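A short worksheet on the structure shown next.
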Amino acid sequence: MSNNILKGKRGIIFGALNEDSIAWKTALKAHEEGAQFVLTNAPIALRMGEINKLAEHCNAEIIPADATSIEDLTTLFEKSMEVLGGKLDFVLHSIGMSPNVRKGKSYGDLNYDWFLKTLDISGVSFHKVLQTAEKTDAMNEWGSVLALTYIAAQRTFPDYSDMAQAKSVLESIARSYGYRFAKLKNIRVNTISQSPTMTTAGSGVSGFDAFFDYADKMSPLGNASAEDCANYIIMMFSDYTRMVTMQNLMHDGGFSNSGITEDIIAQLTK
Ligand code: NAI
C-alpha cells in the first residue's frame with residue numbers, strides 16, 4: 001500500500017543493522033513511498049555487509065559514518081547531497097548503544113568512560129547530526145528530523161541503566177534544536193518514544209522478554225511493532241505533519257497513559 005507521500009523527498013537514514021532494525025523497516029517504507037535516501041551506519045556495523053541487500057532493494061547508496069565523529073558526519077552530509085542531487089528533506093537518527101548495558105555493569109558500578117560513551121553515542125550524537133546538517137546547509141525548508149527514544153527517559157526501568165540518561169539528553173536536544181531549526185529554516189525536530197521492540201539494541205537489555213510482555217499487557221493496544229513505528233516515521237517525514245515540532249511523541253499502544261490494565265490484573269491474580 002503506497003500513496004507516494006514521500007515522492008521527491010531526499011534523506012538520510014541512520015541505524016539499519018539488520019532486518020529487525022526500526023531503521024531497516026523505515027527504509028523499506030520510505031522507498032515504497034517514493035523517497036530517495038542514503039543509508040548510513042558505523043563502519044564496524046557495516047562489516048557484515050547485511051545492509052547491502054537493503055541498499056540494493058532501495059536503490060540507495062551506503063555511506064559509512066560513526067555518529068560521534070564530526071568529520072564522518074560532515075563527509076556524510078556533503079556526499080549525500082551530491083549523490084541525491086540536492087538538499088535533504090528528512091533525517092532519521094535510529095542509534096543507541098551503551099557499553100555498560102552491553103557488558104552487564106550494574107547501575108551502582110558503572111564505568112564512567114563507558115557512561116560518557118553511552119551519552120555520546122546515544123544522546124549527544126543527535127546534536128552532532130543536527131549541527132552538522134546546519135553547518136553544511138544540508139536541509140531544505142520544511143524538512144523533518146527525527147530520533148527514536150524510550151520512556152525510560154521519564155520513568156525508571158532498572159535494567160535500562162545509563163541509557164535512561166542518554167535518552168533524556170536526546171529528548172532535550174530535540175526541544176532545543178527544534179526551536180533553533182524552526183527559526184532558521186522551518187525545520188521540525190522531534191523524538192518518537194517507541195514501545196519495547198525485538199531488535200538487536202532492544203534485546204541487549206537484560207530481562208528484555210519479561211519487559212516486552214509487561215509493556216504489551218500494560219498497553220491497551222499492545223506493543224507497537226517496528227513496522228508500526230516505521231509507518232509513524234514516514235508520516236512525520238511527510239508534509240502532513242509540517243507544524244509538529246519540539247515534541248516527544250509517544251508511540252506505545254497507550255502504555256504511557258495507563259495506570260493498570262485488566263491484563264496485568266489477570267496476570268497478578270492468576
Ligand atoms: P538496532 O540495534 O537495530 O539499531 C541500533 C543502531 O545503532 C545499529 O544499527 C547500530 O549499528 C547503530 N549504532 C551504534 N553505535 C553507532 C555509532 N557510533 N554511529 C552510528 N550508528 C551507531 O536496534 P533498534 O531497536 O532498531 O534501535 C533504533 C533506535 O530505537 C535506538 O535509538 C533505540 O534506542 C530506539 N528504541 C528501541 C527500542 C527497542 O526496544 N528496540 C525501544 C525504544 C527506542
Side-chain angles (χ1 to χ4, degrees), residues 12-28 39-48 50-51 54 62-73 76 91-99 101-102 114 116-126 128-129 132 146-155 157 159-171 173-174 191-216 219 223-230 232-233 248-253 255-256:
I12 298 179
I13 297 179
F14 286 80
L17 181 66
N18 54 35
E19 282 177 2
D20 297 330
S21 301
I22 297 167
W24 188 290
K25 313 258 188 224
T26 305
L28 291 176
L39 293 167
T40 183
N41 210 325
I44 192 163
L46 294 173
R47 258 192 339 201
M48 309 301 285
E50 226 175 311
I51 202 175
L54 177 66
I62 304 165
I63 302 177
D66 178 334
T68 63
S69 157
I70 296 293
E71 198 185 331
D72 283 10
L73 289 173
L76 169 68
V91 176
L92 175 65
H93 176 290
S94 185
I95 298 170
M97 211 281 281
S98 158
V101 169
R102 189 172 275 191
W114 295 349
L116 291 175
K117 272 209 143 124
T118 303
L119 293 176
D120 196 16
I121 295 171
S122 313
V124 179
S125 68
F126 192 38
K128 291 180 175 174
V129 165
T132 308
L146 270 180
L148 292 172
T149 187
Y150 183 57
I151 195 172
Q154 289 82 31
R155 303 203 196 147
F157 293 82
D159 291 328
Y160 210 65
S161 190
D162 57 357
M163 275 299 283
Q165 278 73 66
K167 291 302 194 192
S168 296
V169 168
L170 182 85
E171 291 175 17
I173 289 169
T191 49
I192 290 181
S193 188
Q194 162 69 6
S195 297
T197 316
M198 296 287 184
T199 62
T200 307
S203 46
V205 177
S206 81
F208 186 77
D209 287 351
F211 200 59
F212 182 92
D213 283 347
Y214 169 73
D216 199 39
S219 312
N223 285 332
S225 68
E227 204 178 349
D228 289 319
C229 189
Y232 194 24
I233 292 167
N248 182 41
L249 304 162
M250 307 311 297
H251 185 254
D252 64 358
F255 178 88
S256 48

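When a ligand or atom number is given, it counts from 1 through the structure's own listing order. Model, not experiment: these values are computed from the prediction.
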Exercise. With the side chain counted from C-beta on, respond yes when Ile12 and Phe14 share a heavy-atom pair under 4.5 Å apart, and no when they do not.
Key: yes

Quiz item: Quick one: does Thr40's side chain have a donor or acceptor within less than 3.5 Å of a partner on Ile63's backbone?
Solution: yes

Quiz item: Heavy-atom contacts under 4.0 Å between Thr40 and ligand 1: side chain, backbone, both, or neither?
Solution: neither

Quiz item: Within the side chain of Lys128, is there an N or O that forms a donor-acceptor pair under 3.5 Å with the backbone of Ile70?
Solution: no

Quiz item: For ligand 1, is there an N or O atom under 3.5 Å from any N or O atom of Lys167?
Solution: yes

Quiz prompt | Atoms of ligand 1, numbered as shown, that sit under 4.0 Å from any heavy atom of Asp66 | solution = 17 (C), 18 (N), 19 (N)

Quiz item: Given Ser125, Ala201, Ser94, which one has a non-hydrogen atom that is nearest to atom 1 (P) of ligand 1?
Solution: Ala201

Quiz item: Just distances here: any N/O of Asn41 and N/O of ligand 1 closer than 3.5 Å?
Solution: yes

Quiz item: Considering only heavy atoms of Pro196, which atoms of ligand 1 have at least one such atom less than 4.0 Å away?
Solution: 40 (O)

Quiz item: When you look for heavy atoms under 4.0 Å from ligand 1, do you find them on the side chain of Ile121, its backbone, both, or neither?
Solution: side chain

Self-check item: Ala45, any N or O under 3.5 Å of ligand 1 N or O
Solution: no

Quiz item: Quick one: does Gly15 get an N or O within less than 3.5 Å of an N or O on ligand 1?
Solution: yes

Quiz item: Are any of the N or O atoms of Thr199 closer than 3.5 Å to those of ligand 1?
Solution: yes

Quiz item: Hey, is Ser122 one of the residues with a heavy atom under 4.0 angstrom from ligand 1?
Solution: no

Quiz item: Among the heavy atoms of Ala65, does any lie under 4.0 Å from an atom of ligand 1?
Solution: yes

Practice problem: Of the side chain and backbone of Ala42, name the one, both, or neither that has a heavy atom under 4.0 Å from an atom of ligand 1. | Solution: both

Quiz item: Tell me: protein heavy atom nearest atom 40 (O) of ligand 1, and distance?
Solution: Thr197 N, 2.8 Å

Self-check item: Test of proximity, Ser21 against ligand 1: N or O pairs below 3.5 Å
Solution: yes

Quiz item: With atoms numbered from 1 as shown, which atoms in ligand 1 lie under 4.0 angstrom from a non-hydrogen atom of Leu148?
Solution: 29 (C), 30 (O), 32 (O), 35 (C)

Quiz prompt | Polar side-chain atom of Ser21 near backbone of Trp24 as donor-acceptor pair, under 3.5 Å | solution = no

Exercise. Just need the protein heavy atom nearest to atom 22 (C) of ligand 1, so name the residue and atom and give the distance.
Key: Ile95 CG2, 3.6 Å

Practice problem: Look at the side chain of Ser195 and the backbone N and O of Ala224, then say whether any donor-acceptor pair between them is shorter than 3.5 Å. | Solution: yes

Quiz item: Relative to the ring of Phe255, is the ring of Tyr214 parallel (under 30°), tilted (30 to 60°) or perpendicular (over 60°)?
Solution: perpendicular

Exercise. Considering the heavy atoms of Gly202, write down every atom of ligand 1 situated less than 4.0 Å from one of them.
Key: 39 (C), 40 (O), 41 (N)

Quiz prompt | For atom 42 (C) of ligand 1, the protein heavy atom that lies nearest, with its residue and separation | solution = Ser195 O, 3.4 Å

Self-check item: Under 3.5 Å side-chain donor-acceptor pair for Asn18 and Thr200
Solution: yes

Practice problem: Please indicate whether any nitrogen or oxygen in Tyr150 is less than 3.5 Å from any nitrogen or oxygen in ligand 1. | Solution: no

Quiz item: Which protein non-hydrogen atom lies closest to atom 44 (C) of ligand 1, naming both residue and atom, and how far is it?
Solution: Thr149 O, 3.0 Å

Practice problem: Step through the shown structure and confirm whether more than 12 heavy atoms of other residues, nucleotides or ligands are within 6.0 Å of CD on Gln154. | Solution: yes

Practice problem: If the plane angle is over 60° it's perpendicular, under 30° parallel, otherwise tilted; pick one for Tyr232 and His251. | Solution: parallel

Quiz item: Any N or O on Met97 sitting closer than 3.5 Å to an N or O of ligand 1?
Solution: no

Self-check item: Donor-acceptor contact below 3.5 Å, side chain Ser122 vs main chain Met97
Solution: yes

Exercise. Report the nearest protein non-hydrogen atom to atom 19 (N) of ligand 1: residue, atom name, distance rounded to 0.1 Å.
Key: Ala67 N, 2.9 Å

Quiz item: Okay, side chain of Asp213, backbone of Ala210: is any donor-acceptor separation there less than 3.5 Å?
Solution: no

Self-check item: Trace of the side-chain contact (heavy atoms from CB on, under 4.5 Å) decision for Asp120 with Lys117
Solution: CA-CA 5 Å; Asp120 196 16; Lys117 272 209 143 124; 5.6 Å; no

Exercise. Check Met198 against ligand 1 and report side chain, backbone, both or neither, counting heavy atoms closer than 4.0 Å.
Key: neither

Quiz item: How close does the nearest protein non-hydrogen atom get to atom 26 (O) of ligand 1, and which residue and atom is it?
Solution: Ile22 N, 3.0 Å

Quiz item: Which value, rounded to the nearest 0.5 Å, describes the distance between Thr26 atom OG1 and Leu148 atom CG?
Solution: 7.0 Å

Quiz prompt | Any donor-acceptor N/O pair, Lys25 side chain to Glu19 backbone, under 3.5 Å | solution = yes

Quiz prompt | Pairwise side-chain contact, Asn223 with Pro196, heavy-atom cut-off 4.5 Å (strictly under) | solution = yes

